[in-house]
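Let me begin by presenting the structure, written as structure tokens, before commenting on it.
Keep in mind it's a predicted model, so treat the numbers as computed, not measured. Residue numbers run from 1 in the order of the sequence given.
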Amino acid sequence: MGNSWATFGRDLHLDLTGPGGLRAALLRALRDAVRSGRLTPGTRLPSSRSLAADLGIARNTVADAYAELVAEGWLSARQGSGTRVAERVLPRATPASPRTPGPAGHPDRPRFDLTPGTPDVSAFPRTAWLAAARRALTAAPSEAFGYGTPAGRPELRTVLADYLARARGVRADPDHIVICAGFMQGLALLSRVLGTGRLATESYGLDFHRAVITRAGLATVPLTVDERGARTEELAALDGVRAALLTPAHQFPTGVPLHPDRRAAAVNWARSTGGFVLEDDYDGEFRYDRQPVGALQGLDPDHVVYLGTASKSLAPALRLSWMVLPDRLVDPVLALKGTGEWQSGTPDQLTLAEFLSSGAYDRHLRGMRLRYRRRRDQLVAALADRAPHVHVSGIAAGLHAVLELPPGTEQSIVQGARWQGLALEGLSRFHDPTAPPASRDALVVAYGTPPDHSFTHALDALLRALPPGEPGE
């Protein structure tokens with residue numbers, strides 16, 4: 001029998017994601033490690049207590065998984081000898097189709113993911129959501145299960161109007177709210193209603209947002225983004241611009257709020273030209289150092305379209321978002337939405353309405369704020385301790401942080417992170433190629449994406465990928 005050891009849980013590189021809960025995920029991960037040859041016959045595994053502590057899960061979960069794998073023949077256990085990979089296990093699986101191999105010793109699929117765009121979906125409040133669904137569907141009228149209306153269910157629009165006024169300072173009437181199947185659908189509807197012309201976007205942002213706009217027939221023109229957010233004063237010099245898409249509360253991805261002077265400049269431009277500001281409030285509920293800044297829409301509901309979503313606060317899979325429209329956009333948007341396959345599912349709308357009105361949504365947000373704030377604090381503390389030359393910029397908000405890097409190092413660090421089994425994005429990934437070149441090097445680190453049990457390991461991989469500091473730093 002071999003004498004090799006896998007002393008710590010982090011040495012096993014176990015990915016505990018996927019369906020079926022932690023026990024099923026651990027069984028699946030250990031089988032895969034043996035099948036792939038990462039754990040060779042005779043390798044001694046950590047004790048159930050040690051592995052549980054390293055993975056942040058219950059010891060009984062690990063003990064049950066070990067026992068089942070012993071019974072299946074994957075592992076062997078002897079008194080005084082610990083648990084080892086069995087000498088005779090199933091042969092390595094042969095892939096059904098060829099794949100491009102990743103770097104030697106590293107899997108094609110990253111072990112850890114710190115790319116932005118997704119919340120911790122393992123924290124979705126399944127029990128509370130199921131309870132709300134039962135109450136909502138029990139009370140729903142029969143007509144709610146028909147084809148519905150383009151605006152969405154009145155139950156959800158009514159409770160959203162109250163919630164947005166209270167939580168985000170939005171001035172909303174339920175008749176001005178339209179429910180959409182995600183932010184992208186809302187942006188596509190607005191772009192098509194606006195028709196021809198140009199739409200200003202921030203020079204740092206998401207390329208697929210720009211793609212949705214251009215597919216609708218509008219051209220995009222970038223607004224420079226600096227430490228005070230988008231330079232909205234540039235709007236006055238742009239011809240043919242019908243609207244500007246902004247992230248005022250927390251610019252994505254640079255993480256700064258729009259300066260008050262620039263908020264005023266955006267609204268004044270819209271008033272003077274008859275244009276619109278499209279306010280993407282994608283994570284406005286998550287501010288950790290102070291109360292969130294109110295939505296820009298509150299300054300001028302006649303010229304600002306407020307767009308919110310449940311994708312960051314709950315889960316992207318719900319496909320639920322909402323627009324609060326100025327009066328002159330309501331009829332055109334509803335007319336377009338009623339012509340095609342633009343409807344959102346009624347059961348989830350009714351459930352979200354009940355989730356909001358019962359207070360479950362507020363309770364969930366309070367819990368997630370604490371969770372994400374702890375992770376951000378952990379990231380900042382780890383950098384101060386192990387990489388003090390790397391600085392975090394932007395406000396304490398949202399689900400990601402921006403790490404400033406030495407000039408010219410961004411791409412090599414992103415590539416090095418891949419060799420650590422870590423998915424990362426550099427700031428340049430989000431820069432509009434039609435904007436003036438930017439020389440800033442940084443990482444966009446989504447501390448909100450990993451589940452709790454893997455965040456510490458993902459953070460360790462990130463720190464290993466960062467460049468060493470100069471002596472004395």
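- Between Gly398 and Asp283, the shortest heavy-atom contact is CA-OD2, 3.0 Å.
- Contact check on Glu143 versus Arg153 returns a salt bridge, with a Lys/Arg side-chain nitrogen under 4.0 Å from an Asp/Glu carboxylate oxygen.
- In the displayed structure, Arg49 atom CZ is contacted under 6.0 Å by at most 12 heavy atoms of other residues, nucleotides or ligands.
- Using a cut-off of 4.0 Å between Lys/Arg side-chain N and Asp/Glu carboxylate O, Lys312 and Asp281 are scored as not salt-bridged.
- Electrostatic pairing of Arg35 and Asp32 counts as a salt bridge here, judged by a charged N lying under 4.0 Å from a carboxylate O.
- Electrostatic pairing of Arg287 and Asp289 counts as a salt bridge here, judged by a charged N lying under 4.0 Å from a carboxylate O.
- Minimum heavy-atom separation, Ser47 to Tyr66: C-CE2, 4.4 Å.
- Put simply, the residue from Ile57, Leu22, Thr83 that forms a side-chain contact (heavy atoms from CB on, under 4.5 Å) with Val62 is Ile57.
- Across Val225, Asp226, Thr254, a single residue satisfies side-chain contact (heavy atoms from CB on, under 4.5 Å) together with Ser203, and that is Val225.
- For the residue pair Ser428 / Gln411, a side-chain donor-acceptor distance below 3.5 Å is found, with atom types taken as modelled.
- Contact check for Ser313 versus Leu365: side-chain heavy atoms found under the 4.5 Å cut-off.
- Taking every heavy atom of both residues into account, Val402 and Ala442 meet most closely at CG1-CB, 3.7 Å.
- In this structure, Arg429 does not pair ionically with Glu410, as no charged nitrogen and carboxylate oxygen lie closer than 4.0 Å.
- In the model, Ser76 has no side-chain atom that pairs as donor or acceptor with a side-chain atom of Arg84 under 3.5 Å.
- Shown are Ser321, Ser344, Pro150; of these, the side-chain contact (heavy atoms from CB on, under 4.5 Å) with Ile179 is made only by Ser344.
- Closest approach of Thr40 and Val85 over heavy atoms only: O-CB, 3.4 Å.
- Between Phe183 and Tyr282, the distance from one ring center to the other does not fall under 6.0 angstrom.
- Relative to the ring axis of Tyr288, Arg373 does not place its NZ or CZ within 45° and under 6.0 Å from the centre.
- More than 12 heavy atoms of other residues, nucleotides or ligands sit less than 6.0 Å from atom CZ of Arg166.
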